[in-house]
Protein chains: 2
Amino acid sequence: MPSPRKFVSAREVAERAGVSRSAVSRAFTPGASVSEDTRRRVLDAANELGYHVNHLARGLSLKESGIVCLVGSELGTPYRASLVKAMTQAAQDAGKVAMVINTDRSDASVGAALRQALHYRADASIILSGLPDKSITRLCLENGQRIVLINRDDDQEGPLRINLQDDEAARRALIAFLRAGCRRLAFANSEAGTPSLMARERGFLAAAGTIGLTVTVERFGPSIYDSGRELARRLLTAPERPDAVFCATDLIACGFLDTARHEFGLAVPEDLCVTGFDDIEQAGWSSYSLTTFAQPVSDIAREAFAWLRLTPEEATRRPAAVALEARMVWRRTVRGSAPAPSPAARSAAES
Amino acid sequence: MPSPRKFVSAREVAERAGVSRSAVSRAFTPGASVSEDTRRRVLDAANELGYHVNHLARGLSLKESGIVCLVGSELGTPYRASLVKAMTQAAQDAGKVAMVINTDRSDASVGAALRQALHYRADASIILSGLPDKSITRLCLENGQRIVLINRDDDQEGPLRINLQDDEAARRALIAFLRAGCRRLAFANSEAGTPSLMARERGFLAAAGTIGLTVTVERFGPSIYDSGRELARRLLTAPERPDAVFCATDLIACGFLDTARHEFGLAVPEDLCVTGFDDIEQAGWSSYSLTTFAQPVSDIAREAFAWLRLTPEEATRRPAAVALEARMVWRRTVRGSAPAPSPAARSAAES
DNA sequence: GGAACCCTTGCACACGGTTGCAAATAGAGA
DNA sequence: TCTCTATTTGCAACCGTGTGCAAGGGTTCC
């Protein structure tokens, strides 16, 4: 019964409305020259027939598909999921639609994903994880496809790079630890080695170095909860147990906290101070109450689409990199109370 | 510098390779009739020029875009995110690509989302939440667009409906509670009123009714963590405090557990048994160790795409609804040990 | 050498839109 | 009523691809 693929086309609408096919097209094009009368007639006919403009054909002739490609891995993870959510929403607000490509299979598949984006003539690609090699990036750029890199601290020319001030966050974490009286510092990282994770690690070590403190660094596995558990076992059985741990992500921090409390019987923040990074929803759950740094997800999405709405000429005039502040979210895994917010954070909170 | 939109087309490849344009098309079409020699020449030329088949044009002429639309709300939520992840992966494995449309703004926008799917001539739409009205559904079906409804217990003809055996899960939860010696039962639900949530509630009440037990039902807010907290406050201050609570989702259960433990000082499972539903990742974190029922996310995705790969004729011959088992995941929020698994579950575990 | 056959190739049309250009129509002013 | 102008309309070409059809070329078999 469901005879497939019988979409109604502009010609049928034209016949029914008694106008030409181009009139139909114009009726659906905002700025076009149509009389109010025919416009009505066309819209009515279209409604009765269930007509929907074919965006494939429109994209073909306009050379603009209205598609934005989101490529990333681990999309089920709280932070990534919130980014996908924000991006799809922002895309729709900008009159576009998001096509999401999962690159969990392998890191090389970022290239494959971008090829897919080229196939569909996506207006832009937003890369949430992994890093495409320069050749494919250049190919996209040459074909007029815009690229946005999120938290990839790459130095390629052409893409917009949106990053967080990871080192500033690390510095503030250190200050908080010091105010709490901690001196035996540790950094719990995954082995993923992504630019932002490494920037946090370097920033923390550098800040500690300026006041002559050393940091125990431990790295293990991917950036997931279970890695946090293993990292806790390694760090907390060390001869000189740390009294403050900066975890590279909230997921790691949650695993770390659970193991510290349930396996080692430690009290947080009394015996041990912990911070995370991302401010995933679970960080606010009362089993964790994790002091952490917020990824300004909506701001990231807003920056990305603001840049995409520029013309290519404007975009090249604009600086190709923005660094957003990761606001500190003070909860209860660090002793003491919140320090005065930075001026930038305060003015943001007031607006 | 980035002069926009200068994609290379098949004609240019044809000129470079010294063949006709149709030869290029055939070189990229698996079953087509081309000699190995020209095929090589075309592929080489395409590579040098950076040619990528235009899927918009291909979709236009094939009447098959290769796009599958995922529409849903609350995509940042753990369960939804895992579903999106599984679906995008399954789409790619099936040689398609997922377009995701966020319907957070309003529930009426499911219709708008489906219109968008029509615009892009999506081969199918998969609806994760909300329910389209019959008129728009029929419009999609008439246009040859397949529809899959996940956990929407609707009775429309045409779409594939994938559901879980919610009532069976509720029955097993009840049995577990009874084996733990609980008699004062409660059901903690949100006010969302979606079919699957209500099916769990009804199933639990019905099962309890058959042995003459009554259930205190409380409903509050959306299906989120904070609702679980509020539900705990309401249920645990009642004159006759329940000793077993079935939470409609894991998110609610996590909030419920945190409040029960931290605000009311209750021990779980000693003072109170709790189950959830979904088996989100956090349910396995050691702060919760929640006994729950797993949404077989990969199976759901597999079912959906298996059905989509059928021809329309085959699909209509096939039953239009499947009910998957929600396997019980036994952890530590219910007293006692896991009952013998059901035969179905055991054979699944062995494979 | 000629006929029958198969594989490969190119032509031309279709898919469903958009848009420049010229014709037609309506409206205004003398 | 006639002319001039502004708006609306239709024609036709184009976007980039797939494919039926017929023609070309090579091989095999008699």
Side-chain angles (χ1 to χ4, degrees), chain A residues 4-43 45-46 49-67 118-123 143-145, chain B residues 4-43 45-46 49-67 118-123 143-145:
Chain A
R5 314 277 103 190
K6 57 186 232 8
F7 280 94
V8 21
S9 79
R11 191 180 43 213
E12 304 172 48
V13 177
E15 280 172 15
R16 172 146 192 151
V19 297
S20 77
R21 202 167 54 77
S22 24
V24 176
S25 172
R26 285 192 251 261
F28 284 96
T29 308
S33 158
V34 215
S35 73
E36 191 50 40
D37 180 45
T38 50
R39 176 191 201 77
R40 261 262 73 74
R41 274 222 305 275
V42 168
L43 259 45
L49 263 46
Y51 170 72
H52 286 249
V53 179
N54 187 333
H55 275 36
L56 276 61
R58 159 178 279 192
L60 186 56
S61 86
L62 288 187
K63 292 169 166 303
E64 186 170 339
S65 62
I67 295 174
L118 286 176
H119 282 311
Y120 281 97
R121 300 305 192 251
D123 299 335
N143 283 334
Q145 182 165 115
Chain B
R5 316 274 104 190
K6 57 186 230 11
F7 281 93
V8 20
S9 79
R11 190 179 45 213
E12 304 171 48
V13 177
E15 280 172 16
R16 173 146 194 150
V19 297
S20 78
R21 200 179 52 73
S22 20
V24 176
S25 173
R26 283 192 251 262
F28 284 96
T29 308
S33 156
V34 215
S35 73
E36 191 50 40
D37 179 45
T38 51
R39 175 192 203 78
R40 261 265 68 77
R41 274 222 305 277
V42 169
L43 259 45
L49 264 45
Y51 170 72
H52 286 249
V53 179
N54 187 333
H55 274 38
L56 300 174
R58 159 178 277 192
L60 186 56
S61 101
L62 287 187
K63 294 169 165 304
E64 185 170 340
S65 62
I67 295 174
L118 286 176
H119 281 310
Y120 281 97
R121 301 303 192 252
D123 298 336
N143 283 335
Q145 182 166 114

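Here the structure is a predicted model, which is why all the values come from computation and not from measurement. Chain letters run A, B, ... following the sequence lines, proteins first, then strands; residues in each count from 1.
If you take NE2 of A:H52 and P of C:dC15, they are 20 Å apart, rounded to a whole angstrom. Atom P of nucleotide D:dG18 and atom CZ of B:R121 are separated by 19 Å, given to the nearest angstrom. Rounded to an integer number of Å, the gap from CZ of A:R58 to P of D:dG16 is 18 Å. For B:D37 and C:dC7, the CG to C1' distance is 14 Å, given to the nearest whole Å. Here D:dG16 presents its C1' atom at 14 Å from CG of A:L62, a figure rounded to the nearest Å. Rounded to whole angstrom, the span from the CZ atom of B:R41 across to the C1' atom of C:dT8 amounts to 12 Å. Rounding to whole angstrom units, CG of residue B:L56 and P of C:dA14 are separated by 22 Å. Atom CZ of B:R40 and atom P of C:dT8 are 16 Å apart (whole Å).
To the nearest 0.5 angstrom, A:R40 atom CZ is 11.5 Å from A:S35 atom OG. Rounding to the nearest 0.5 Å places CZ of B:R58 at 16.0 Å from NZ of B:K63. Between the CG atom in A:L56 and the CG atom in B:N54 there is a gap of 9.0 Å [rounded to 0.5 Å]. B:L118 contributes atom CG, which lies 11.0 Å from atom NE2 of A:H55 (distance to the nearest 0.5 angstrom). The distance from the NE2 atom of B:H119 to the CD1 atom of B:I67 is 13.0 Å, given to the nearest 0.5 Å.
Place A:S61 and A:S33 on DNA chain D by their nearest nucleotides, and A:S33 ends up nearer the 5' end. The residue among B:A57 and B:E36 whose nearest nucleotide of DNA chain C lies closer to the 5′ end is B:E36.
With A:Q145 contributing its side chain and A:A122 its backbone, the two residues share a donor-acceptor pair below 3.5 Å.
Distances from the side chain of A:N54 to the nucleotides D:dG18, C:dG16, C:dT19 place C:dG16 closest. Among the nucleotides C:dC15, C:dT18, D:dT9, the one closest to any side-chain atom of B:L60 is C:dC15.
Taking side-chain N and O atoms only, B:Y51 has a distance below 4.0 Å to OP1 or OP2 of D:dT17. OP1 or OP2 of D:dT9 has at least one side-chain nitrogen or oxygen of A:T38 nearer than 4.0 Å. The phosphate of D:dG16 has OP1 or OP2 within less than 4.0 Å of a side-chain N or O from A:K63.
B:R11 comes within 4.0 angstrom of nothing in the nucleic acid, heavy atoms only.
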Give the table of side-chain donor-acceptor pairs shorter than 3.5 Å for residues 7-18 of chain A, with sequence neighbours excluded, one pair per line with atom names and distance.
from, atom 1, to, atom 2, distance (Å)
A:S9, OG, A:R11, N, 3.3
A:E12, OE2, A:S9, N, 3.3
A:R16, NE, A:E48, OE1, 2.9
A:R16, NH2, A:E48, OE1, 2.5

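For DNA chain C, the neighbouring residues in residues 17-25 of chain A, judged by any heavy atom under 4.0 Å, are A:R21, A:S22, A:S25.
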Could you go through nucleotides 24-26 of chain C and list every protein N or O atom that sits under 3.5 Å from one of its N or O atoms, giving the distance for each pair?
none

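Minimum heavy-atom separation, A:A57 to B:L60: CB-CD1, 3.9 Å.
The base of D:dG10 sits with one of its N or O atoms less than 3.5 Å from a complementary donor or acceptor on the side chain of A:R26.
Considering only heavy atoms from C-beta on, B:H52 comes within 4.5 Å of A:R121 through its side chain.
Taking the six-membered ring for Trp and the full ring otherwise, B:Y120 and A:Y120 have centroids separated by 6.0 Å or more.
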